[in-house]
Amino acid sequence: MPDAIAPNLPYSGNRTKWALWVVMGIITLSLFTVFEYSNYPNSHDRFWDERYILVPHIVFGLIALLAGPFQFSSRFRQRNLALHRLLGKVYVVSVLIAAPLGFILTLKRPPLLEFAVGVQASLWFLTTIVAFVTARNRQINHHRQWMVRSYAVTFFFVSDRVPFECPFF
Ligand code: HEM
């Protein structure tokens, strides 16, 4: 049974939500500019060998990562629900492409890494599918909850690297 449709939820203007997105944005930008850029010379050969899988994995992973803040914005959704649906479908398709590619990239790695990424890719895939189906069924509260779970896995690409790169850990 569809939940009460959420588009009419009053816009909260929630400062905490903004602060969280700003912090997540700063972490993401610094990790890409510091970690990935400085690490590239060491991984260039591996990157080149796996480019046909790695490049689409990175591109679609980035699309999902960057779509999140728009999709969770109440103001964006209330002003253009059609764009929320469209960008939402782009997000869903991006995850469905990036997740299996991420797992394929670990097939020649140590079994423990392969297992860990296998679990992560399956969670990414499943939470996104459930979130999409609940949107189709107009179960908006469930849709929101499952999209939070899906995006938590999307952001794992960033949060997973923090302990390795953050000088405080
Ligand atoms: C990463 C986050 C999100 C993504 C990728 C996403 C994706 C989508 C997609 C693909 C649809 C269209 C489904 C269809 O074809 O009918 C949709 C509809 C919708 N979503 Fe989201 N969504 C996200 C977050 C949210 C959040 C946080 C809310 C807050 C309540 C929300 C509320 C809605 C509503 C109200 C609809 C329209 C349902 C209708 O068609 O009337 N979404 N979303």
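The shown structure was predicted, so the numbers you read here are calculated from the model rather than taken from an experiment. We count ligands from 1, going down the list as the structure has it; atoms in each ligand are counted the same way.
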I need the Phe155 CZ to Ile27 CD1 distance, nearest 0.5 Å.
5.5 Å

Which of the numbered atoms in ligand 1 are below 4.0 angstrom from a heavy atom of Phe72?
1 (C), 2 (C), 27 (C)

How long is the span from the OG1 atom in Thr154 to the CD1 atom in Ile63, to the nearest 0.5 Å?
12.0 Å

With heavy atoms under 4.0 Å as the rule, classify the contact between Tyr91 and ligand 1 as side chain, backbone, both or neither.
side chain

Is the closest heavy-atom distance from Tyr151 to ligand 1 below 4.0 Å?
no

So with a 6.0 Å cut-off around CZ of Phe70, is the heavy-atom count from everything else above 12?
no

Quick one: list whatever passes side-chain contact (heavy atoms from CB on, under 4.5 Å) with Leu107, sequence neighbours left out.
Phe103, Ile104, Glu114

Cation-pi between Arg149 and Trp146: NZ/CZ under 6.0 Å from ring centre and within 45° of the ring axis?
yes

Out of Thr134, Ile140, Thr128, whose heavy atom sits nearest atom 30 (C) of ligand 1?
Ile140

Closest to atom 23 (C) of ligand 1 by heavy-atom distance, out of Gln145, Arg136, Arg85, His84, is His84

Option set His143, Arg138, Gln78, Arg77, criterion heavy-atom distance to atom 16 (O) of ligand 1, minimum:
Arg138

Contacts of Leu20 that satisfy side-chain contact (heavy atoms from CB on, under 4.5 Å) - sequence neighbours left out
Met24

Ligand 1 contact on Met147 by region, counting heavy-atom pairs under 4.0 Å:
side chain

